[in-house]
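The structure appears right after this line, and notes come after that.
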Amino acid sequence: MLVDCLNWRIENDIDKILSKPIIPAEFYRSLRESQLIGMSGYTKDGRPVIAIGVGLSTYDKASIHYYVQSHIQINEYRDRVILPSATKKFERHISTCVKVLDMTGLKLSHLNQIKLLTVISSIDDLNYPEKTDTYYIVNAPYVFSACWKVVKPLLQERTRKKVQVLSGCGKDELLKIMDYESLPHFCRRQGSGSSKYTRNSTGDDCCFSLDHGFHQQLYNYINDEALGIKPRAPIKQGSFHVGFPEPNLTGRKIVQTIETEFHKLENQKGFTDQKNDAKTNGNEHQKETIA
């Protein structure tokens with residue numbers, strides 16, 4: 001596995017990915033607004049707290065390559081800058097983080113993003129193993145159980161074992177391992193999901209915002225690295241293509257699993273429209289897989 005990881009880094013020139021900014025700035029901002037991720041602070045023992053807005057990430061402003069590039073850049077920045085800084089700050093070796101996944105706004109139609117999410121998960125499992133201690137799921141709506149049954153089999157066993165679903169916004173449980181100041185904004189009070197971040201949160205409050213300190217430091221770091229590359233040719237727009245394994249997805253099986261979950265939910269109030277919409281998308285995915 002280590003050899004495969006090293007080969008992947010060499011073949012895709014990963015060591016230089018932090019010198020490949022996503023430009024122009026307006027495009028990068030739209031990317032950040034559609035791929036909600038950030039760092040809210042540290043646990044009491046010094047591990048970085050990575051927050052991810054799963055339910056409200058739309059991934060609809062760019063191709064899959066830009067989102068994969070952005071994800072890997074955050075991984076690399078964590079490993080090269082954040083973790084060494086935390087080690088120095090807390091005076092102990094720190095090599096892992098925790099992740100808090102906000103499910104606010106999650107719908108069954110999010111299963112349409114299954115390929116991208118599986119690619120990102122596979123990259124982490126294969127090339128950044130054991131970098132995340134625990135995945136905390138918060139603000140999970142009723143449909144989470146249906147989505148989880150589809151996604152769970154696609155994850156590595158070691159990853160599945162790290163997932164913990166917390167009650168509500170998870171505030172009480174998370175305060176056992178981190179201070180209030182390090183809580184992601186969507187965990188600070190019951191019912192305060194990430195859907196409110198654009199209207200009610202400032203750049204300092206919301207770690208998803210490009211104006212947040214974490215993203216400003218990351219953005220400046222990448223641009224500074226780009227300026228240090230010789231020769232200093234003008235930076236061209238375009239994604240940094242990274243090879244990734246195609247998800248081993250069986251379209252028919254996924255559709256059948258979704259259908260099963262819909263049958264369980266069809267008598268529940270408010271799910272009729274979601275069923276019709278997602279069934280249409282599921283059939284399209286099935287046709288593409290069979291074709």
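Note that these values count all heavy atoms, side chains included, but never hydrogens, waters or copies made by symmetry.
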Are the side chain of [X] and the backbone N or O of [Y] linked by a donor-acceptor pair below 3.5 Å?
X	Y	result
Arg47	Ala86	no
Ser122	Thr118	yes
Asp102	Thr104	yes
Tyr77	Tyr219	no
Arg158	Glu130	no
Gln69	Lys20	yes
His212	Ser40	no
Gln35	Tyr67	yes

Minimal non-hydrogen separation, [X] against [Y], with atom names:
X	Y	result
Val138	Cys187	CG2-SG, 4.0 Å
Pro84	Arg78	CD-O, 4.1 Å
Ser182	Met178	O-SD, 3.6 Å
His215	Ser209	CD2-O, 3.3 Å
Asp60	Thr58	OD1-OG1, 2.7 Å
Leu56	Gly105	CD2-CA, 4.3 Å

| message | Before you tell me yes or no, could you show the steps for Ile50 and Lys131 under side chain to side chain contact (heavy atoms under 4.5 Å, CB included), namely the whole-Å CA-CA distance, both residues' side-chain angles and the distance that decides it to 0.1 Å? | response | CA-CA 11 Å; Ile50 306 298; Lys131 283 295 183 179; over 6 Å; no

| said: Test side chain to side chain contact (heavy atoms under 4.5 Å, CB included) on Leu126 and Trp8; report intermediate values, then the result. | reply: CA-CA 9 Å; Leu126 298 174; Trp8 174 80; over 6 Å; no

| task | Keeping to residues at least two apart or across chains, list the ring-ring contact (aromatic ring centres under 6.0 Å, His included) pairs with something in residues 83-104. | result |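 Residue pairs passing ring-ring contact (aromatic ring centres under 6.0 Å, His included), neighbours aside: Tyr42-Phe90.
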
| query | Which residue pairs satisfy the ring-ring contact (aromatic ring centres under 6.0 Å, His included) criterion with at least one member in residues 101-138, sequence neighbours excluded? | reply |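 For residues 101-138, and leaving out neighbouring residues, there are no ring-ring contact (aromatic ring centres under 6.0 Å, His included) pairs at all.
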
| request: Check Leu174, Leu183, Ile177, Val98 against Val49 for a side chain to side chain contact (heavy atoms under 4.5 Å, CB included) and give me the one that passes. | output: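 When Leu174, Leu183, Ile177, Val98 are each tested with Val49, the side chain to side chain contact (heavy atoms under 4.5 Å, CB included) holds only for Val98.
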
| query | Applying the side chain to side chain contact (heavy atoms under 4.5 Å, CB included) test to Leu116, which of Ile120, Asn112, Ile114 qualifies? | reply |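 Answer to the side chain to side chain contact (heavy atoms under 4.5 Å, CB included) test with Leu116 among Ile120, Asn112, Ile114: Ile120.
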
Once you round to the nearest 0.5 Å, how far does [atom1] of [X] lie from [atom2] of [Y]?
X	Y	atom1	atom2	value
Ser57	Glu33	OG	CD	11.5 Å
Gln73	Arg80	CD	CZ	9.5 Å
Leu117	Leu155	CG	CG	10.0 Å
Asp79	Ile74	CG	CD1	12.0 Å
Ile72	Ile17	CD1	CD1	4.5 Å
Leu101	Ile137	CG	CD1	4.5 Å

Shared hydrophobic cluster, [X] / [Y] (ILVMFWY, side-chain heavy atoms < 4.5 Å):
X	Y	answer
Leu175	Leu166	yes
Val81	Phe214	yes
Ile37	Phe27	yes

Side chains of [X] and [Y]: closer than 4.5 Å at any heavy-atom pair?
X	Y	answer
Ser121	Leu154	no
Ile123	Val119	yes
Ile94	Pro48	yes

| query | Taking only residues two or more places apart in sequence, or in another chain, which ones meet Arg9 in a salt bridge (Lys or Arg N to Asp or Glu O under 4.0 Å)? | reply |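 Expected list: Asp15, Glu76.
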
| Are there more than 12 heavy atoms of other residues, nucleotides or ligands under 6.0 Å from atom NZ of Lys44? |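 For Lys44, atom NZ is crowded (more than 12 foreign heavy atoms under 6.0 Å).
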
| task | Step through the shown structure and confirm whether more than 12 heavy atoms of other residues, nucleotides or ligands are within 6.0 Å of CD on Glu157. | result |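 Check passes, neighbour count above 12.
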
| request: Using a strict 4.0 Å threshold on nitrogen-to-oxygen distance, state whether Asp211 and Arg32 make a salt bridge. | output: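 Salt bridge between Asp211 and Arg32, a charged N being under 4.0 Å from a carboxylate O: no.
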
| query | Charged N to carboxylate O below 4.0 Å: is that the case for Glu26 and Arg29? | reply |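 Here Glu26 does not pair with Arg29 in a salt bridge, since their nearest N and O are not under 4.0 Å apart.
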
| message | If you apply the rule side chain to side chain contact (heavy atoms under 4.5 Å, CB included), what do you find for Trp148 with Val163, and how did you get there? | response | CA-CA 11 Å; Trp148 179 238; Val163 175; 3.9 Å; yes

| request: Start with the C-alpha gap between Asp133 and Lys162, add the side-chain angles, then the distance that decides, and say whether side chain to side chain contact (heavy atoms under 4.5 Å, CB included) holds. | output: CA-CA 7 Å; Asp133 289 326; Lys162 296 177 181 180; 5.9 Å; no

